[in-house]
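Okay, structure first, notes after.
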There are 2 protein chains.
Amino acid sequence: MTSPASGTAQFSEIDLPPSPPVSWHAILGGSPAPARADAIKVACSSCNLRELCLPVGLSDSDLGQIENLVGLRRTVRRGEALFRVGDPFTSLYAVRTGFFKTRVSTEDGRDQVTGFQMGGELLGLDGISHDRHSCDAIALEDSNVCQIPYPRLQEILREMTDLQHQFHKIMSREIVRDHGVMLLLGSMRAEARVAAFLLNLTQRLHARGFSGTSVVLRMTREEIGSYLGLQLETVSRTFSRLQEDGLLEVKQREVRVVDRAGLQRLLNEVPC
Amino acid sequence: MTSPASGTAQFSEIDLPPSPPVSWHAILGGSPAPARADAIKVACSSCNLRELCLPVGLSDSDLGQIENLVGLRRTVRRGEALFRVGDPFTSLYAVRTGFFKTRVSTEDGRDQVTGFQMGGELLGLDGISHDRHSCDAIALEDSNVCQIPYPRLQEILREMTDLQHQFHKIMSREIVRDHGVMLLLGSMRAEARVAAFLLNLTQRLHARGFSGTSVVLRMTREEIGSYLGLQLETVSRTFSRLQEDGLLEVKQREVRVVDRAGLQRLLNEVPC
DNA sequence: CGTTTGCTTGACAGCATTCAACGTTGGTGG
DNA sequence: CCACCAACGTTGAATGCTGTCAAGCAAACG
């Protein structure tokens, strides 16, 4: 195990010191005009997510070069899709503000949430394999992404060694994350799944300057259940039980982690 | 859905016309001297897995250049590890002959099989993210791999556009595959999981020139169960039930798919 | 040929699903 | 301002799938 957060080693994401707070609701509050927002080009070097995003660890000179890699920004309203299964793959997207879910589905309608993405995380990696997207990416709140045209990225990776390595790392990390989810889905009971989910979510939020104990969930019980391989009723019941046990405080979508160590302990339970 | 094999679209691997048969047991039968085998350098251009491996789709001239990318071959005996959690990451490995499993584990001993790898498939992608491997890769039979030093790969990717794209595709495909497994683990019942597993396995074997209906399983019921999120008893019982229903013929590790369409139908079942 | 490992099958229990009813919240329009 | 509605969340009761424990069998190995 290489990660200090032992219990969630397989499940952990980005492991960085907290960066300057991001105004999560900046774009929500003002209900901005999409057209205008899209016209603004943002420099990576002045983006407060640069320590969590693609250009992590790049030198200042490299950072300058990367500016023209990132295309326009794009606004996605809550409930809308950034891309859908079957859409031609052209670009990757870095989340600037907001919150997404990705999901795959069978032709008969069942679907599985494969991840939740927040600021600094990359969307669209699935599309490279077949030149078409193989999952849907849906905004769970009004969101804003940086569009990274893939052909342009390929060019730049050839010139910038550090960025090439960084990009490979991001793809590799996604694979490792997926393995962690497989472990969760394959061998944990409901309580442990929910605990792992909350620990992971709060950790990632903490890395972005948020509280680390209090969350306002952006997704429904059904979406959590789909991600964790549980029914929405089971998720609700599990929240209630963890609250009774004094590990959480739950009020609808507001969740406060009271006993982080206690949740951690649940992950190591023997069954199922 | 882009794949013709609709039911297993999320779960399918490589989708190529069958290539020339590979002598699966060539190395098993003769019990070769490992030292000698390792000394042999194999040219990708003369490898019968080239249409399923990293250099897929490369021009002949590119193929020539890739030769010196691949380092020595390495023999891994049945039960031994190609790499383990925590090992420093130096290389990727392409399976030449044999069969592997990869697994992640929690500190308290539980583990989860994350995949089974056969000829032409890449191992070690997990290691890029943290410069250490995050899973174990165990040979399920005496196996032989081509070692691809990662620093060397990085160099060559910068020179060969096609190979760069190909490598990204392979990583992306792994992500898509993992999403398929998550769908399976999150929303399918035991019968459907086993059906999906067998359909996937036989399809991949078929793409390598094997029967497509008959398999000799290289893994135990416990390993199948770990992969599918089931207990070994459930796997065994499910095999028996599918046999009663006339979909399979099972005799220990020999499995014959009798009714492929019937198995396919199981995947689309409504619950659980 | 005995031992070990892996596979099968049965009985039973338990956790999660299913079905159902009710409560809460937020938005809309009268 | 309030009523109403729709979406979401909570809780209860009952069913059932899968896990657990146990025994017996088959195959592989030395």
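Chain A is the first sequence line, chain B the second, and so forth, proteins listed ahead of strands; every chain is numbered from 1. Because the structure is a prediction, the values reported are computed rather than measured. Just so it is clear, the values below take in all heavy atoms, side chains as well, and ignore hydrogens, waters and symmetry mates.
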Quiz item: Reckon B:Q231 has a side-chain N or O less than 4.0 Å from the OP1 or OP2 of D:dT20?
Solution: yes
Quiz item: OP1 or OP2 of D:dG9 less than 4.0 angstrom from a side-chain nitrogen or oxygen of A:S236, does that happen here?
Solution: no
Quiz item: Just checking B:L230: base, sugar-phosphate only, or nothing, at a heavy-atom cut-off of under 4.0 Å?
Solution: sugar-phosphate
Exercise. With DNA chain D as reference, determine whether B:E233 or B:E191 sits nearer its 5' end, using the nearest nucleotide of each.
Key: B:E191
Quiz item: B:K251 has an atom NZ; how far is it from atom P of C:dT8, in whole Å?
Solution: 13 Å
Quiz prompt | Side-chain ion pair, B:E141 and B:R77, N-O less than 4.0 Å | solution = no
Quiz item: Base, sugar-phosphate, or nothing: which does A:T220 touch, judged by heavy atoms less than 4.0 Å apart?
Solution: sugar-phosphate
Practice problem: Determine: side-chain N/O of B:R237 to OP1/OP2 of D:dT18, distance under 4.0 Å, yes or no. | Solution: no
Quiz item: What about B:F100 and B:F116, are their ring centers closer than 6.0 Å?
Solution: no
Practice problem: Find the distance A:E244:CD to D:dT10:C1' and express it as a whole number of Å. | Solution: 12 Å
Quiz item: Rounding to a whole Å, what distance do you find between B:Q252:CD and C:dT9:P?
Solution: 10 Å
Quiz item: Looking across every strand, which nucleic acid part, if any, lies under 4.0 Å from B:G229 by heavy atom: base, sugar-phosphate, or nothing?
Solution: sugar-phosphate
Practice problem: Verify side-chain hydrogen bond (donor to acceptor under 3.5 Å, both in side chains) between A:Q117 and A:T102, making sure each step is shown before the conclusion. | Solution: CA-CA 8 Å; A:Q117 294 80 20; A:T102 49; 3.2 Å; yes
Quiz item: OP1 or OP2 of C:dC7 sitting under 4.0 Å from any side-chain N/O of B:R253?
Solution: yes
Quiz item: Is A:R241 paired with A:E244 through a side-chain N to carboxylate O contact shorter than 4.0 Å?
Solution: no
Quiz item: Does B:S240 put a side-chain nitrogen or oxygen below 4.0 Å from OP1 or OP2 of C:dT8?
Solution: no
Exercise. Could you tell me the separation between the CE atom of A:M188 and the C1' atom of D:dT18, rounded to a whole number of Å?
Key: 19 Å
